[in-house]
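Everything on this sheet refers to the single structure shown next.
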Amino acid sequence: MRILIVDDDPFAGQVAAAILEELGHDTMLCENAPDAAAQLGKGGNVDLIVCDMNMPLISGIELFRELRAQDCRIPFVLLSGDDPASLLAAEPGLDACVLKDGDLDNNLARAVERIARARAA
């Protein structure tokens with residue numbers, strides 16, 4: 001899959017990209033939500049968005065809501081240091097919410113693989 005990663009922390013974005021590229025995915029990095037929206041507006045083929053929750057300007061959840069309001073149905077994974085269960089409860093339309101912790105590589109891989117299987121079905 002071609003995955004757009006949105007994270008204001010360049011190191012965190014590179015870590016997510018490395019995890020996903022190890023799984024065989026193609027990644028693109030954006031540092032904020034407006035840049036991500038512009039990238040999506042260019043009509044590039046994006047199969048999945050992986051976005052940090054806490055960013056300046058527009059948060060990850062705000063970007064998700066804005067995209068859904070524009071009828072963008074690209075699967076969306078939110079990365080957060082906050083409890084994923086409460087974020088999913090607050091925004092059940094998210095495809096996944098992954099905790100940014102020491103097990104990010106395994107949890108992100110599982111979430112992306114689940115979404116890839118659902119797309120293939």
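Computed from heavy atoms alone, side chains included, the values below leave out hydrogens, waters and symmetry copies. All of these numbers come straight from a predicted model, not from anything done at the bench.
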### Task
Indicate yes or no: does Asp7 engage Lys100 in a salt bridge with an N to O separation below 4.0 Å.
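So Asp7 pairs with Lys100 through a salt bridge.
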Quick check: do [X] and [Y] have side-chain heavy atoms less than 4.5 Å from each other?
X: Leu104; Y: Leu79; result: yes
X: Arg117; Y: Val112; result: no
X: Asp82; Y: Leu99; result: no
X: Ile3; Y: Met28; result: no
X: Ile58; Y: Pro34; result: yes
X: Asp8; Y: Glu31; result: no
X: Leu48; Y: Phe76; result: no

### Task
Just do the side chain to side chain contact (heavy atoms under 4.5 Å, CB included) check on Leu67 and Glu62 with the steps written out, would you?
CA-CA 9 Å; Leu67 292 173; Glu62 290 169 332; over 6 Å; no
Minimum heavy-atom distance [X]-[Y], with the two atoms named:
X: Ala90; Y: Arg65; value: O-NH2, 4.4 Å
X: Gly60; Y: Met55; value: N-CE, 4.0 Å
X: Leu63; Y: Ala36; value: CD2-CB, 4.2 Å
X: Val6; Y: Ala33; value: CG1-N, 4.0 Å
X: Ile5; Y: Ala16; value: CD1-C, 3.8 Å

If you look only at distance, which donor and acceptor atoms sit under 3.5 Å apart when one is on a side chain in residues 38-47 and the other is two or more places apart or in another chain?
| residue | atom | partner | partner atom | Å |
| --- | --- | --- | --- | --- |
| Asp47 | OD1 | Arg119 | NH2 | 3.1 |
| Asp47 | OD2 | Arg2 | N | 2.8 |

Whether the side chain of [X] engages the backbone of [Y] through a donor-acceptor N/O pair (distance < 3.5 Å, no angle test) should be reported.
X: Arg68; Y: Cys72; result: yes
X: His25; Y: Leu20; result: no
X: Arg114; Y: Asp95; result: yes

From [atom1] ([X]) to [atom2] ([Y]), nearest 0.5 Å:
X: Ile74; Y: Ile49; atom1: CD1; atom2: CD1; value: 4.5 Å
X: Glu91; Y: Met53; atom1: CD; atom2: CE; value: 9.5 Å
X: Asp26; Y: Leu4; atom1: CG; atom2: CG; value: 11.0 Å
X: Leu108; Y: Glu22; atom1: CG; atom2: CD; value: 12.5 Å
X: Asp52; Y: Ile61; atom1: CG; atom2: CD1; value: 12.0 Å
X: Leu78; Y: Cys97; atom1: CG; atom2: SG; value: 4.5 Å

### Task
May I have the step-by-step check of side chain to side chain contact (heavy atoms under 4.5 Å, CB included) for Asp101 and Asn107, ending in yes or no?
CA-CA 9 Å; Asp101 66 1; Asn107 293 332; 4.1 Å; yes
